[in-house]
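Here is how names work: the chains are called A, B, and so on, in the same order as the sequence lines, proteins then strands, and each is numbered from 1. What you see is a predicted model; the values in this text were computed from it and never measured.
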2 protein chains.
Amino acid sequence: MTDSALETTRAAQKERTRQSIMDAALRLSHEQGFAQISLRQVAREAGVVPTAFYRHFESMDQLGLALVEQSFSTLRRMIRDAQRDPDTFANIIDASAEILVRVVKQNKEHFGFVARERNSGSDVVRLAIHRELELFIAELSVVLVRLPHIGSWSSDDVRLAAGLFVRNMVYRAEQVVAMPDGRTDREEEIKDKARREMRMIVLGFEKWSSDG
Amino acid sequence: MTDSALETTRAAQKERTRQSIMDAALRLSHEQGFAQISLRQVAREAGVVPTAFYRHFESMDQLGLALVEQSFSTLRRMIRDAQRDPDTFANIIDASAEILVRVVKQNKEHFGFVARERNSGSDVVRLAIHRELELFIAELSVVLVRLPHIGSWSSDDVRLAAGLFVRNMVYRAEQVVAMPDGRTDREEEIKDKARREMRMIVLGFEKWSSDG
DNA sequence: CGAGTGAGTGAACATGCGTACACTCAAATA
DNA sequence: TATTTGAGTGTACGCATGTTCACTCACTCG
């Protein structure tokens with residue numbers, strides 16, 4: 001009846017199994033891609049019999065949707081933290097590069113999942129990711145519009161700029177995910193490239209607004 | 001013995017079958033992704049018995065590599081044509097947007113294949129695509145370096161800029177591929193967005209060189 | 001405490017898969 | 001013309017898959 005940390009109730013045990021299925025799927029996806037893995041593989045990796053899978057998800061597609069949701073809640077936490085950080089407005093570029101690399105490194109499975117499944121796999125998973133990325137771009141637009149040069153732009157232009165930013169961040173996130181664990185030199189290199197790219201884009205912003 | 005157009009020699013027939021296998025794979029990939037399709041599906045779609053597949057490719061991976069090669073030869077022809085076109089230097093942005101949409105529309109299967117399989121599927125196909133994209137970025141760098149503002153940059157910066165350009169073009173190419181056939185309004189919209197994005201990036205180029 | 005619920009089990013199934021093998025029979029070659 | 005070659009065939013195999021069904025038995029709740 002209590003909901004303490006070491007819960008042994010039925011509901012808590014079910015939740016634990018559900019999570020171990022999701023973790024197993026994330027782990028296997030990392031090596032083969034979500035669309036390539038089978039229900040039986042997931043069940044095996046999760047230490048559960050294939051039929052037990054159905055107690056938690058009605059199909060692999062539903063599992064995929066759950067993973068999309070979980071991954072993007074990580075992503076949203078990232079942008080929320082970034083907005084709270086006072087450095088963000090002082091120097092949005094360095095702060096963004098820093099936060100990007102740090103958070104992605106801490107959540108490789110989730111970001112890897114989004115980056116990988118964004119353009120492949122089942123339609124339902126791909127569409128869910130694209131919808132979430134659109135939402136993410138919309139959120140970033142709200143942040144951008146408060147920046148010095150951008151306040152006066154059309155909302156269409158802001159969206160376009162936010163899209164450029166997000167797609168570039170997703171690309172660099174992919175590289176962080178692909179990075180071998182020990183290589184902090186590669187990490188600095190990626191951070192530096194992300195920084196320079198963002199600077200190029202932001203410089204474009206400035207010129208854009210002064211032109212028109 | 002002659003090599004006329006309607007060749008019926010053994011070698012010509014073999015080539016025809018090989019091509020029909022590649023076409024079948026491209027068609028099926030469009031709907032399910034290359035990694036999801038089976039050797040037997042490909043053979044069936046090509047109108048050939050499964051074992052005949054092995055007369056032409058030793059595995060699905062080898063088929064995938066052949067498709068990467070064929071797709072990129074299309075891409076390379078595109079950039080070569082763009083360089084020949086005198087308008088390109090006069091107005092690189094409008095010309096690029098125009099060429100991008102036109103050529104991608106004419107080769108949806110190939111561009112779709114590259115866009116889709118770039119981040120998924122078998123390791124060997126993914127790595128081959130990334131290598132080819134690096135080559136493509138290198139080629140574009142050679143074009144960029146001859147533009148007014150860029151001549152004085154470090155080669156590292158040129159590469160970075162070329163990367164921004166190529167990744168954005170790949171993204172817009174994806175959209176053209178995903179576009180329903182009749183929708184020329186969507187086509188103009190994509191072209192317009194590509195143009196504005198490239199302008200933003202290029203404006204960044206100008207400021208970059210005046211700052212640095 | 002005693003009945004009922006539902007997470008997890010284990011056997012069974014039809015299906016599609018990759019690949020091995022022995023084959024045919026037209027075109028190429030000698 | 002007689003022989004060789006090799007693209008395409010047909011059968012057969014063992015294996016992994018998704019889903020079904022009847023089951024157990026610990027936990028929940030009246």
Side-chain angles (χ1 to χ4, degrees), chain A residues 1-25 27-29 31-67 121-125, chain B residues 1-25 27-29 31-67 121-125:
Chain A
M1 287 294 177
T2 70
D3 45 31
S4 78
L6 287 164
E7 202 66 68
T8 54
T9 67
R10 216 123 116 152
Q13 178 52 44
K14 179 169 188 183
E15 182 52 35
R16 235 173 281 133
T17 303
R18 183 188 150 94
Q19 194 55 54
S20 87
I21 289 175
M22 291 178 71
D23 290 349
R27 233 174 296 130
L28 292 172
S29 296
E31 290 155 8
Q32 323 181 32
F34 182 74
Q36 270 67 248
I37 66 181
S38 67
L39 186 153
R40 284 176 110 105
Q41 274 180 75
V42 174
R44 213 178 300 130
E45 176 83 12
V48 135
V49 102
T51 32
F53 178 96
Y54 292 105
R55 299 282 181 199
H56 302 275
F57 303 97
E58 72 174 21
S59 67
M60 285 294 282
D61 269 352
Q62 294 304 309
L63 207 209
L65 287 184
L67 289 173
S122 79
D123 283 0
V124 40
V125 169
Chain B
M1 287 293 177
T2 71
D3 46 32
S4 79
L6 288 164
E7 202 65 70
T8 56
T9 66
R10 218 125 115 144
Q13 178 53 43
K14 179 171 187 182
E15 181 52 33
R16 236 174 281 134
T17 303
R18 183 187 149 95
Q19 194 54 55
S20 85
I21 289 175
M22 291 177 72
D23 290 349
R27 233 175 297 131
L28 292 171
S29 295
E31 292 156 8
Q32 321 182 33
F34 181 75
Q36 269 69 246
I37 67 181
S38 67
L39 187 152
R40 285 175 109 106
Q41 275 179 76
V42 173
R44 212 179 302 131
E45 175 84 12
V48 135
V49 105
T51 34
F53 178 96
Y54 292 106
R55 298 283 181 201
H56 302 276
F57 303 97
E58 72 174 20
S59 66
M60 285 293 284
D61 270 351
Q62 294 304 311
L63 206 210
L65 286 185
L67 289 173
S122 79
D123 283 0
V124 39
V125 169

What is the distance, rounded to the nearest whole Å, between atom CD of A/Q36 and atom P of C/dC17?
15 Å
Selection from D/dG8, D/dT17, C/dT19 that lies nearest to any side-chain heavy atom of B/T17:
D/dG8
Whole Å only: how far is the CD1 atom of B/I21 from the P atom of D/dA7?
11 Å
Quiz item: B/T51 side-chain donor-acceptor pair to D/dG10 base, under 3.5 Å:
yes
Mind calculating the distance between CZ (A/F53) and P (C/dG8) to the nearest angstrom?
13 Å
Please tell me which of B/R55 and A/R55 maps to the more 5' nucleotide of DNA chain C, matching each residue to the nucleotide holding its nearest heavy atom.
A/R55
Where is the tightest heavy-atom contact between B/A43 and B/P50, given as atom of each residue plus distance?
CB-CA, 3.7 Å
Spacing of A/F57 atom CZ relative to C/dG8 atom C1', expressed in whole Å:
15 Å
Compare every heavy atom of A/A25 with every heavy atom of A/L67, then report the nearest pair and how far apart it is.
CD1-CB, 3.9 Å
For A/L39 and C/dG16, give me the distance from atom CG to atom C1', rounded to whole Å.
17 Å
Could you go through the side chain to side chain donor-acceptor pair (under 3.5 Å) check for B/Q19 and B/R16 one step at a time?
CA-CA 5 Å; B/Q19 194 54 55; B/R16 236 174 281 134; over 6 Å; no
Which residue, B/M60 or A/R18, contacts DNA chain C at a nucleotide closer to its 5' end, judged by nearest heavy atom?
A/R18
Taking only the side-chain nitrogens and oxygens of A/R44, find out if one of them lies under 4.0 Å from OP1 or OP2 of D/dT17.
yes
To the nearest angstrom, how far is A/H56 atom NE2 from C/dG6 atom P?
13 Å
Would you say C/dC17 has OP1 or OP2 under 4.0 Å from some side-chain N or O of B/S38?
yes
Compare all side-chain heavy atoms of B/F57 with those of B/R18 and state whether any distance is below 4.5 angstrom.
yes
Round to the nearest Å and state the distance from A/R16 atom CZ to D/dC27 atom C1'.
14 Å
Among D/dC27, C/dG8, C/dG18, find the nucleotide with the atom closest to the side chain of A/R10.
D/dC27
If you take atom types as modelled and just measure distance, does the side chain of A/R40 reach the base of D/dG18 with a donor-acceptor pair under 3.5 Å?
yes
Interatomic distance where CD belongs to B/Q19 and C1' belongs to D/dA7 [whole Å]
17 Å
Validation row: A/R40, A/F53 side chains within 4.5 angstrom (heavy atoms)
no
Measuring to OP1 and OP2 of C/dG6, would you say a side-chain N or O of A/Q13 lies under 4.0 angstrom away?
no
